[in-house]
Amino acid sequence: MNIPLFDPRREYATIKNDIDRVISETLASGRFIGGEVVRGFESRFASFLGADAAAGVNSGTDALRLALTALGIGPGDEVIAPANTFTATIMAIQNVGATPVLVDVDPSSYMMTPSTIEPAVTRSTRAIIPVHLYGATARMDKICELARSGGLFVVEDAAQAHGAEFLGRRVGTWGDAGCFSFYPSKNLGAYGDGGAVVGSNGLAEKVRMLRDLGRDEEGNHVEVGINSRLDALQAGILDVKLAYLDKWIADRRALASRYDEAFAGTRIVGPIKPENGTHVYHLYVVRVSDRAHVLDAARTAGIEVGIHYPVPVHHQPAHVGRVKVPFETPVTEALASEIASLPLFPQMTTDEQDRVIDIVHSAVGG
Ligand SMILES: *Cc1c(COP(=O)(O)O)cnc(C)c1O
């Protein structure tokens with residue numbers, strides 16, 4: 001591919017000295033699991049968000065799984081999540097033995113809202129997982145209000161939205177727990193797997209115990225946990241990259257607004273601007289009715305285009321018959337056949353972007 005969706009080698013080249021230094025320091029320290037580097041990153045990531053505390057874990061999927069466990073959610077419980085999301089959101093619910101209840105999304109945000117959530121609430125509902133999709137923000141004020149009135153927990157899936165703000169407050173800090181992924185392509189990515197749960201000191205404490213085989217501060221194994229620790233090399237790399245995150249978000253926004261301008265007045269429907277929120281453009285997702293034509297043109301020109309997500313999650317074999325879908329999900333179904341993610345990453349050049357724009361323009365006829 002000439003123009004990729006994301007290029008980790010280019011990013012590394014811009015921060016090579018800092019990264020190489022933290023890697024060699026960590027190797028020299030001999031402390032590869034836990035320790036000062038992990039604690040330092042956890043506390044700086046929590047301050048970046050304005051959260052009380054953060055607990056580093058092995059992936060975004062484990063962050064969701066451990067947040068649900070820490071809140072006491074398990075077999076017999078229902079958890080409401082959007083049908084328009086990545087499978088990890090749903091599988092984490094299944095991993096704790098609870099039942100995912102999938103609801104449709106709003107056509108004006110591609111995310112679930114109180115009006116799509118509320119009819120799905122039953123006596124077994126214990127939690128809601130809003131997903132801040134593509135780097136935009138879900139309606140957290142209204143979702144938290146609905147949850148509070150029903151005595152439900154809110155676990156935010158912020159795997160795509162590090163740094164996005166809703167009503168001036170960073171996402172991940174609205175609910176009872178905020179879950180982040182540091183998968184390499186995410187806006188804050190490790191050079192391997194990683195994730196974090198943010199929330200109150202009590203919640204972070206509980207996740208730290210669960211991620212380490214249920215071990216407490218005295219070294220006793222007091223609960224059945226899992227092994228899902230964030231290692232020191234990844235924490236050190238993340239700590240270096242955290243210092244660049246605000247700048248990289250600004251770079252993403254600048255590229256996004258160039259795309260917005262170029263596609264205004266064409267048949268391309270650009271990303272939705274969140275109401276009362278900011279967008280960090282993890283993905284630049286457009287909607288176009290004859291998508292196949294655009295995909296063909298881009299691929300022929302060596303431009304990578306993604307689809308997030310081509311198959312609604314409840315049609316995936318792992319979930320068919322194992323999740324509840326109480327109502328039809330026409331918006332999710334329509335999106336799956338019309339959305340396309342165009343290349344956008346902080347190190348992308350404007351020349352590259354102009355090439356993408358030209359190809360898309362000619363595919364949709366101007
Ligand atoms: C990436 C992602 C996850 C899972 O993160 P991993 O670190 O890959 O386990 C969960 N939810 C969403 C919406 C994601 O995009």
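Counting convention: from 1, in listed order, for ligands and their atoms alike. In this chain, residues are counted from 1 in sequence order.
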* Asked: Between Phe182 and Phe45, is the ring centre distance below 6.0 Å?
  -> yes
* Could you tell me the residue and atom name of the protein heavy atom closest to atom 13 (C) of ligand 1, and the distance to it rounded to 0.1 Å? => Asp157 OD2, 3.5 Å
* Structure fact -> The protein heavy atom nearest to atom 15 (O) of ligand 1 is Gln160 NE2, 2.8 Å
* For ligand 1, is any non-hydrogen atom under 4.0 Å from Ala159's backbone (N, CA, C, O), its side chain (CB onward), both, or neither? -> side chain
* **Under 4.0 Å to a heavy atom of Thr89 - the qualifying atoms of ligand 1, by number** => 11 (N)
* **Pair Asp246 + Arg170, salt bridge at N-O below 4.0 Å** => yes
* For ligand 1, does Thr61 get within less than 4.0 Å through its side chain, its backbone, both, or neither, judged by non-hydrogen atoms? -> both
* Asked: Taking NZ, NE, NH1 and NH2 as the nitrogens, is one of them in Glu352 or Arg355 under 4.0 Å from a carboxylate oxygen of the other?
  -> no
* Asked: Is there any N or O on Asp193 that sits under 3.5 Å from an N or O of ligand 1?
  -> no
* Asked: What atoms in ligand 1 come closer than 4.0 Å to a heavy atom of Ala88?
  -> 3 (C), 4 (C), 10 (C)
* Side-chain heavy atoms under 4.5 angstrom apart, residues restricted to Ile, Leu, Val, Met, Phe, Trp, Tyr: same cluster for Phe327 and Val121? -> no
* Which atoms of ligand 1 have any heavy atom of Gly60 under 4.0 Å away? -> 5 (O), 6 (P), 7 (O), 9 (O)
* Under a 4.0 Å N-O cut-off, is there an ion pair linking Arg211 with Glu42? -> yes
* Using a strict cut-off of 4.0 Å, indicate which atoms of ligand 1 neighbour a heavy atom of Phe86. => 2 (C), 3 (C), 14 (C)
* Determine, for Glu223 against Lys206, whether the closest basic-nitrogen to carboxylate-oxygen distance falls under 4.0 angstrom. => yes
* Charged N-O contact under 4.0 Å between Arg258 and Asp354 -> yes
* **Protein residue, atom and distance nearest to atom 14 (C) of ligand 1, heavy-atom basis** => Lys186 NZ, 3.2 Å
* To do: Any atoms of ligand 1 less than 4.0 Å from a non-hydrogen atom of Ser59? List them with their elements.
  => 7 (O), 9 (O)
* Atom CD of Glu25: over 12 foreign heavy atoms under 6.0 Å -> yes
